[in-house]
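What follows is a set of notes on a single structure, which appears directly below.
Lettering of chains follows the sequences in order, A, B, ..., and the numbering in each one begins at 1.
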Protein chains: 2
Amino acid sequence: MDNSRITQIRSFNRAVTRRIGALEESYLSRGRPLGEARLLFEIGPEGAALGALRSKLGLDSGYLSRILRSLEAQGLVSVDKLDGDARSRYATLTDKGRVEHAAYDALSDELANSILEPLSETGRDRLVAAMADVERLLGAASITLDEEPADSAEARQCLARYFDELAQRFEEGFDQGKGNTTTEDEFIPPRGTFVIARLDGIPVGCAALRMMDATTAEIKRMWVSPSARGLGVASRMLRRLEAIARDFGAETVCLDTNRALKEAQSLYRREGYTEIERFNDNPYADHWFSKRL
Amino acid sequence: MDNSRITQIRSFNRAVTRRIGALEESYLSRGRPLGEARLLFEIGPEGAALGALRSKLGLDSGYLSRILRSLEAQGLVSVDKLDGDARSRYATLTDKGRVEHAAYDALSDELANSILEPLSETGRDRLVAAMADVERLLGAASITLDEEPADSAEARQCLARYFDELAQRFEEGFDQGKGNTTTEDEFIPPRGTFVIARLDGIPVGCAALRMMDATTAEIKRMWVSPSARGLGVASRMLRRLEAIARDFGAETVCLDTNRALKEAQSLYRREGYTEIERFNDNPYADHWFSKRL
DNA sequence: CGTATTACCTGACTAAAGTCAGGTAATGGA
DNA sequence: TCCATTACCTGACTTTAGTCAGGTAATACG
């Protein structure tokens with residue numbers, strides 16, 4: 001463990017908890033229990049499916065039902081059948097509910113403003129920038145990596161977005177039939193593996209590994225969603241795959257890349273890969289790298 | 001209001017609330033209500049006076065009493081008379097209580113560590129630095145300024161620390177009798193005023209204003225505690241005093257300062273003061289400034 | 001010295017938050 | 001077609017959190 005950093009994080013938690021408490025208190029000022037206020041807020045002007053509300057707020061189905069009945073009784077919300085599945089229901093704000101929602105919204109704005117207000121112009125800039133950093137990095141910290149079959153629905157989804165991006169970025173375009181010298185079933189243990197990176201459960205990146213021979217692994221399909229770039233996801237996936245390759249008995253990892261993917265090349269160099277001679281006939285590859293494990 | 005900044009603050013709040021929620025859940029994992037856990041934690045290895053606990057956690061006296069009885073029943077805490085005032089009582093952890101406390105402490109550490117762990121070394125550095133910034137600036141945002149009598153206990157305390165600092169920093173030392181051309185009763189409305197800056201209720205700075213004649217105000221006793229420097233407290237106090245001076249009918253504000261107080265001089269210049277000729281015979285003054293309101 | 005105040009305790013209460021075991025209607029799949 | 005599953009609802013319940021009105025002993029103050 002890393003003591004001074006942990007101390008800083010804990011002290012940050014305490015400082016921020018107080019602010020959050022202030023927000024909750026201001027929410028209570030409208031004379032409604034926090035649970036109802038939160039639900040009203042979460043339904044929002046667009047409305048929301050009950051299932052979505054339940055999972056987002058982590059509510060028991062019976063409990064949600066009861067709070068909704070109370071909001072309905074107050075004339076703030078109406079719950080109707082959703083066309084499609086007649087079991088599902090959809091909550092919408094009434095006009096009165098929209099007014100209440102706007103009031104809660106204003107309270108949040110006010111609190112945020114009360115934080116900015118006493119600060120100087122430069123203080124405000126620094127605070128907002130630091131908050132953005134914290135948020136970004138907390139997000140990065142909650143990205144998880146999971147090994148899973150390369151033919152799962154989400155894996156396919158990642159791969160589709162990966163190939164889309166190749167088609168956009170390669171000067172020469174990208175034809176999947178021509179470029180794919182490898183089939184997805186090579187990414188299944190023990191011949192290889194497939195890793196998906198997720199942020200709050202939704203996929204934001206993937207990477208694949210296959211054993212070329214007993215002591216050589218190849219990394220392919222390395223992709224990070226634009227929304228998650230700059231958070232170190234790629235290097236985490238790379239290291240994870242290297243560790244797995246080691247377990248598979250690999251002594252060397254190699255990979256190829258297109259000249260258009262500059263940031264990938266600098267990532268590989270940063271992670272200790274060195275450029276080598278062409279080792280395959282991938283028509284889209286311009287650079288070949290390898291690293292001894 | 002400042003829209004994009006407010007949006008950033010609100011989004012930060014949401015992101016951080018989730019983390020805090022995770023901490024509270026981990027606290028619940030020890031099978032004890034959050035209220036008891038918090039109290040146990042707050043008592044700490046050193047123990048704590050009941051009054052201090054009540055004010056720190058914002059608990060009703062009856063409620064506190066009940067939670068303490070429950071912790072006593074679990075054998076975690078003992079409450080004894082404090083020597084001195086036989087009405088006050090003091091809570092201490094038993095050996096078993098200390099073990100529990102350490103367990104909660106470990107949970108907090110674990111959560112902090114789980115945030116750091118997935119990040120790269122530079123990511124960790126950036127996160128911790130950004131958290132420190134946010135914490136600092138949130139602190140700055142909660143500094144309040146109050147006008148109050150210059151002879152209150154806390155005002156005297158500020159002034160004592162101010163004079164101490166002068167004695168330390170002036171090359172020629174500082175003798176209060178010689179330096180004080182002004183008495184504290186000149187800082188009472190409508191002849192003048194006295195402002196105290198507080199962070200969480202404790203004084204961290206002061207500044208005084210007195211009217212020299214009907215249209216000229218003088219600023220004196222400008223001091224910021226070392227712990228609160230760099231947060232813009234001085235310029236906030238300065239602006240507040242200028243606004244009050246305006247209300248008093250002042251058209252010009254002037255002040256003097258010693259050559260050793262470099263940061264004060266640059267503050268005055270930054271705030272629009274220009275250096276003028278000597279206007280008093282303060283033996284410790286080396287520079288004189290004024291500003292038209 | 002008597003009285004007001006303080007520091008804490010007790011008992012009686014309420015509201016909010018959440019859990020659990022069924023129950024109903026719609027839907028999907030064999 | 002039948003049966004398991006899903007999406008939601010209802011009623012009965014518990015725990016947690018918190019408030020309020022007294023009450024007691026110690027202390028401060030005029």
Side-chain angles (χ1 to χ4, degrees), chain A residues 17 20-21 23-43 47-74 76-92 104, chain B residues 17 20-21 23-43 47-74 76-92 104:
Chain A
T17 303
I20 308 261
L23 181 64
E24 301 201 330
E25 258 182 53
S26 83
Y27 263 47
L28 285 174
S29 74
R30 296 197 67 74
R32 192 171 285 115
L34 217 54
E36 287 186 12
R38 266 199 279 258
L39 184 58
L40 184 68
F41 191 85
E42 202 59 55
I43 291 171
L50 299 203
L53 291 173
R54 223 177 308 124
S55 70
K56 189 146 192 185
L57 296 173
L59 298 174
D60 169 270
S61 125
Y63 189 26
L64 172 68
S65 197
R66 215 176 315 281
I67 303 180
L68 277 173
R69 288 307 83 72
S70 161
L71 290 174
E72 274 183 324
Q74 294 171 58
L76 300 169
V77 163
S78 76
V79 182
D80 309 285
K81 288 229 176 308
L82 188 72
D83 34 30
D85 189 330
R87 288 167 305 179
S88 315
R89 307 226 293 152
Y90 197 86
T92 333
Y104 282 114
Chain B
T17 303
I20 306 270
L23 180 63
E24 301 201 330
E25 259 182 52
S26 83
Y27 263 46
L28 285 173
S29 75
R30 297 197 67 74
R32 191 169 286 117
L34 218 53
E36 287 185 12
R38 266 199 279 258
L39 184 58
L40 185 68
F41 191 83
E42 202 59 54
I43 292 171
L50 299 202
L53 291 172
R54 223 178 308 125
S55 70
K56 189 147 194 186
L57 296 172
L59 297 174
D60 171 90
S61 123
Y63 190 25
L64 172 67
S65 197
R66 214 176 317 282
I67 303 179
L68 278 173
R69 289 304 85 72
S70 160
L71 290 175
E72 274 183 323
Q74 293 171 58
L76 301 169
V77 164
S78 76
V79 182
D80 309 285
K81 289 230 175 310
L82 188 71
D83 34 31
D85 189 331
R87 290 168 303 179
S88 316
R89 307 227 290 153
Y90 197 86
T92 332
Y104 283 114

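Both A/Asp60 and B/Ala49 lie close to DNA chain C; mapped to their nearest nucleotides by heavy-atom distance, the more 5′-ward contact belongs to B/Ala49. Between A/Gly62 and A/Lys81, the residue anchored closer to the 5' end of DNA chain C is A/Gly62, taking for each the nucleotide with the nearest heavy atom.
Across D/dA7, C/dA17, D/dT27, the shortest atom-to-atom separation from the side chain of A/Ser88 is found for D/dA7.
A side-chain donor from one of A/Ser70 and A/Gln74 sits under 3.5 Å from a side-chain acceptor of the other.
Going from atom CG of B/Leu50 over to atom C1' of C/dT6 covers 13 Å, rounded to whole Å. We find that CG of B/Leu28 is positioned 10 Å from P of C/dG18, with the value rounded to whole Å. The interatomic distance linking A/Leu59 (CG) with D/dT10 (P) rounds to 16 Å, in whole Å. For the pair A/Arg38 CZ and C/dA17 P, the computed distance is 7 Å after rounding to whole Å. With rounding to whole Å, A/Glu36 atom CD is found 13 Å from C/dG18 atom P. Taking atom CG on A/Leu53 and atom C1' on D/dC9, their separation rounds to 16 Å, with Å as the unit. If you take CD1 of A/Ile67 and P of D/dC9, they are 12 Å apart, rounded to a whole angstrom. The separation between A/Glu24 atom CD and D/dA17 atom P is 13 Å, rounded to whole Å.
Inter-residue side-chain proximity for A/Leu68 and A/Leu50 is flagged as met; some heavy-atom pair is nearer than 4.5 Å. Within the 4.5 Å cutoff, side-chain heavy atoms of A/Leu28 are placed close to those of A/Leu34. B/Arg38 places none of its side-chain heavy atoms less than 4.5 Å from the side chain of B/Lys56.
Distances shorter than 4.0 Å separate some side-chain N or O of A/Arg69 from OP1 or OP2 on D/dC9. Close to C/dG28, at under 4.0 Å from its OP1 or OP2, lies no side-chain N or O of A/Arg87.
Here B/Ser61 lies in heavy-atom contact (under 4.0 Å) with a base. Residue A/Leu34 is classed as a sugar-phosphate contact, given heavy-atom separations below 4.0 Å to backbone atoms only. If you check every strand for non-hydrogen atoms under 4.0 Å, B/Ser65 touches a base.
Within a 6.0 Å radius of CD in A/Glu25, no more than 12 heavy atoms belonging to other residues, nucleotides or ligands are found.
The base of D/dG18 has none of its N or O atoms less than 3.5 Å from a complementary donor or acceptor on the side chain of B/Arg66.
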